[in-house]
Amino acid sequence: MSLKLFNTLTRAIEQFRVLDPDGKGVGMYCCGPTVYNFAHIGNFRTFVCSDLLRRYLEFRGYDVRHVMNITDVEDKIIASVAKSGRGLKEYTGEYEKGFLEDFDTLHCARPHDLPHATDFIPDIIELIQKLIDQGFAYRANEGSVYFSIERYRAAGRKYGQLLNLNLEELRVGERVKSDEYDKEAVSDFALWKARVPEDGAVFWPSPWGEGRPGWHIECSAMSMRLLGPTFDLHLGGEDLVFPHHEDEIAQSEGARAANEKPFVRHWVHIAHLLVEGRKMSKSLGNYFTLRDLLAKGFSGREIRFLLLSSHYRESFNFTLEGLTGARTALGRIDELLGKLRDLAGSEKAEPDRTFLDQFTASLDEDLNVAGAWGHIFEWVRATNRLLSENSISPAQAAAHLAAWDRMDSVLGVGAKVLATEAPPEILALLDERQAARKAKDFGRADAIRDELKAKGWTIEDTPKGPKLKRI
Ligand code: AMP
Ligand code: ZN
């Protein structure tokens with residue numbers, strides 16, 4: 001058995017095959033955030049699903065090189081920087097820091113490379129020059145350089161690999177100024193944008209005059225520089241299929257001879273997070289940032305659980321009730337893990353395969369995460385039953401815990417901090433409470449209980465003695 005993935009390029013679920021002759025290395029590029037304010041949790045659905053794929057590839061034994069760019073120069077950024085009166089780096093640096101904090105809170109494994117577009121200007125210029133040399137790009141009078149889809153197609157190249165495009169209706173609502181009269185055709189897109197007064201101090205010299213790169217070319221230049229001209233996996237939200245990814249293909253494949261290997265082998269697109277049936281987006285104003293939800297008392301793992309609860313190709317409706325449901329579901333897992341830990345004591349064992357194999361079989365089917373959760377909750381039910389019948393040994397409990405650790409290496413929801421992991425100051429308070437109870441000083445014992453509560457811990461009195469639990 002092995003992983004099958006839907007490939008937007010072929011519109012089919014395919015066996016995942018890597019370019020590496022040893023079958024181990026995977027080059028993976030995800031279009032990263034545009035850092036001009038805080039990302040919303042719709043954006044994070046894309047990043048959490050990408051993280052799931054990376055973790056699953058690692059679980060499956062692949063050696064993944066994960067690249068995620070930081071878009072730190074583009075139209076919206078320039079407009080925001082101009083309004084703020086601050087420098088580009090200072091402005092984007094603040095939101096990049098915020099983004100990475102949120103990324104960590106959601107337990108996303110940090111990419112191996114986080115390239116910034118502004119650090120790749122020489123690569124971008126080199127790539128644009130190649131496209132001019134190939135005859136697919138031209139400099140307009142005002143100094144911008146455009147990619148000509150007509151010239152590209154006239155040379156027998158295919159524009160419209162990810163989507164069947166109606167070329168007459170191309171590029172409506174794209175991130176290109178609509179009044180660019182200097183273009184040969186409305187469908188042409190900018191590779192290099194000539195400097196205009198509104199750009200302020202945001203410009204670089206180039207062979208075509210001062211200016212800045214277009215958004216699409218940034219990703220072509222960074223991905224090929226870091227992963228090579230042809231690599232395994234490219235991911236992004238579904239809104240990036242066109243024009244962003246279609247343009248990335250045209251730019252990257254257009255810079256080399258026809259009939260060479262394709263730019264990317266597998267394209268993976270993540271469906272949108274919706275709010276009341278509409279895409280969560282900044283422009284609609286119907287969004288939550290991660291920080292909004294943390295302020296409501298939800299945790300990173302609860303939000304991650306919700307974002308991972310449905311298949312990545314199905315759009316998913318976000319609700320606060322969904323988050324409450326995530327809390328309950330995780331509570332059931334935590335409770336089982338607590339019982340298993342108590343029983344296993346210091347026993348160690350190889351993972352129990354029963355549910356682990358079913359979990360793997362589900363994820364092998366195009367990352368069927370809903371199926372994988374189904375097996376996990378079946379495991380919770382079945383194991384609770386065995387525990388209530390006292391028909392599970394400490395070694396078996398350890399095997400179940402080892403299986404969970406394997407599954408959680410993919411899901412990344414972790415487990416709640418358990419009693420033994422409480423910090424020393426909390427453990428000292430617990431001891432003090434026990435002493436107070438022994439001395440029948442119940443007033444003091446209750447006051448300590450309240451103090452623990454204020455610090456985020458409750459005490460559960462069990463037949464085996466008091467246990468600490470995080471609230
Ligand atoms: P941006 O910062 O706008 O470049 O977007 C970062 C990533 O989030 C891109 O891959 C987008 O496709 C993705 N994205 C934007 N809105 C949503 C949404 N509502 N649901 C899922 N992904 C989204
Ligand atoms: Zn991109």
Side-chain angles (χ1 to χ4, degrees), residues 8 28-53 67-77 79-80 92 95-96 98-100 102-103 106 108 111 113-117 120 124 127 162 174-175 189 191 213-227 231 233-252 263-264 267-290 303 306-318:
T8 316
M28 162 168 163
Y29 185 91
C30 307
C31 288
T34 307
V35 281
Y36 70 107
N37 58 25
F38 290 115
H40 57 65
I41 55 151
N43 300 130
F44 278 113
R45 181 181 197 214
T46 289
F47 300 123
V48 166
C49 289
S50 303
D51 181 66
L52 177 75
L53 177 54
V67 180
M68 182 180 76
N69 71 295
I70 305 283
T71 300
D72 63 349
V73 56
E74 104 17 296
D75 297 355
K76 284 182 290 190
I77 295 180
S80 307
T92 57
Y95 288 108
E96 177 183 338
F99 174 82
L100 291 174
D102 292 355
F103 200 77
L106 288 170
C108 292
D113 299 273
L114 285 167
H116 296 78
F120 284 75
I124 292 170
L127 187 56
L162 295 170
E174 210 227 309
R175 290 195 193 190
F189 60 91
L191 300 171
W215 172 45
H216 313 304
I217 196 83
E218 296 176 5
C219 280
S220 287
M222 288 185 277
S223 60
M224 290 198 292
R225 164 62 65 206
L226 293 166
L227 296 172
F231 57 90
L233 266 173
H234 197 314
L235 293 91
E238 62 182 348
D239 55 320
L240 299 191
V241 171
F242 177 78
H244 186 55
H245 288 161
E246 200 59 57
D247 289 351
E248 276 192 44
I249 295 177
Q251 295 161 151
S252 309
F263 171 46
V264 171
W267 286 89
V268 173
H269 290 100
I270 292 123
H272 281 149
L273 188 67
L274 307 178
V275 181
E276 284 157 13
R278 302 178 80 192
K279 176 189 171 188
M280 179 177 285
S281 79
K282 298 214 176 105
S283 51
L284 291 173
N286 61 351
Y287 66 93
F288 288 100
T289 64
L290 182 69
I303 299 162
L306 185 67
L307 295 177
L308 279 185
S309 56
S310 63
H311 192 266
Y312 75 93
R313 282 194 294 121
E314 277 164 21
S315 46
F316 176 71
N317 217 31
F318 172 82

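Order of listing sets the numbers, starting from 1, for every ligand and every atom in it.
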Taking only heavy atoms of [X], which atoms of ligand 1 are found under 4.0 Å from at least one of them?
X: F47; answer: 6 (C), 7 (C)
X: L273; answer: 18 (C), 19 (N), 20 (N), 21 (C)
X: K279; answer: 16 (N), 19 (N)
X: G42; answer: 17 (C), 18 (C), 19 (N), 20 (N), 21 (C), 22 (N), 23 (C)
X: P33; answer: 2 (O)
X: G237; answer: 10 (O), 12 (O)

Handout entry: Chi angles and distances behind the side-chain contact (heavy atoms from CB on, under 4.5 Å) call for L274, F316
Key = CA-CA 6 Å; L274 307 178; F316 176 71; over 6 Å; no

Problem - Nearest non-hydrogen partners of A117 and D72, listed with the distance - result: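 Smallest heavy-atom distance, with atoms named: N-OD1, 3.3 Å.
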
Exercise for the section: Locate the shortest heavy-atom distance separating H234 from C31; write the atom from each residue and the value. Expected result: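 That closest heavy-atom pairing would be CE1-SG, 3.5 Å.
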
Practice task
Would you list the protein N, O or S atoms within less than 2.8 Å of the Zn ion (ligand 2), leaving out water?
Solution key: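 Atoms qualifying: C31 SG, C219 SG, H244 NE2.
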
Considering distance alone, does some N or O of [X] sit under 3.5 Å from an N or O of ligand 1?
X: T34; value: yes
X: W215; value: no
X: M280; value: yes
X: A271; value: no

Exercise for the section: Assert yes or no for the condition that the ring centre distance of F99 to F47 is strictly below 6.0 Å. Expected result: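 Yes, the ring of F99 comes within the 6.0 Å limit of the ring of F47, centre to centre.
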
To the nearest 0.5 Å, what is the distance between [atom1] ([X]) and [atom2] ([Y])?
X: Y312; Y: R45; atom1: OH; atom2: CZ; value: 11.0 Å
X: L307; Y: D51; atom1: CG; atom2: CG; value: 11.0 Å
X: F189; Y: Q251; atom1: CZ; atom2: CD; value: 4.5 Å

Is the backbone N or O of [Y] less than 3.5 Å from a side-chain atom of [X], with the two atoms forming a donor-acceptor pair by type?
X: S223; Y: S220; value: yes
X: N286; Y: S281; value: yes
X: N69; Y: P115; value: no

Using residues 239-246 as the side-chain source, report each donor-acceptor pair under 3.5 Å to any protein atom, sequence neighbours left out, with the distance given to one decimal.
residue: D239; atom: OD1; partner: H272; partner atom: NE2; Å: 3.2
residue: H244; atom: ND1; partner: H216; partner atom: ND1; Å: 2.9
residue: H244; atom: NE2; partner: E248; partner atom: OE2; Å: 3.0
residue: H245; atom: ND1; partner: H269; partner atom: NE2; Å: 2.7
residue: E246; atom: OE1; partner: Q161; partner atom: N; Å: 3.3
residue: E246; atom: OE1; partner: L162; partner atom: N; Å: 2.9
residue: E246; atom: OE2; partner: G160; partner atom: N; Å: 2.8
residue: E246; atom: OE2; partner: Q161; partner atom: N; Å: 2.6

Exercise for the section: Assess whether ring pair (Phe, Tyr, Trp, His ring centres under 6.0 Å) is satisfied between F38 and Y95, documenting all intermediate values. Expected result: CA-CA 6 Å; F38 290 115; Y95 288 108; 5.3 Å; yes

Problem - Winner among I41, N37, T46 once heavy atoms are compared against atom 22 (N) of ligand 1 - result: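 Among I41, N37, T46, the closest heavy atom to atom 22 (N) of ligand 1 belongs to T46.
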
Heavy-atom gap [X] to ligand 1 smaller than 4.0 Å:
X: K282; value: no
X: Y287; value: no
X: D239; value: yes
X: S281; value: no
X: I270; value: no

Exercise for the section: Please indicate whether R313 has more than 12 foreign heavy atoms, meaning atoms of other residues, nucleotides or ligands, lying under 6.0 Å from its CZ. Expected result: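 Yes, CZ of R313 has more than 12 neighbouring heavy atoms, counting only those of other groups under 6.0 Å.
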
Problem - Residues T34, I77; criterion side-chain contact (heavy atoms from CB on, under 4.5 Å); working and verdict - result: CA-CA 8 Å; T34 307; I77 295 180; 3.9 Å; yes

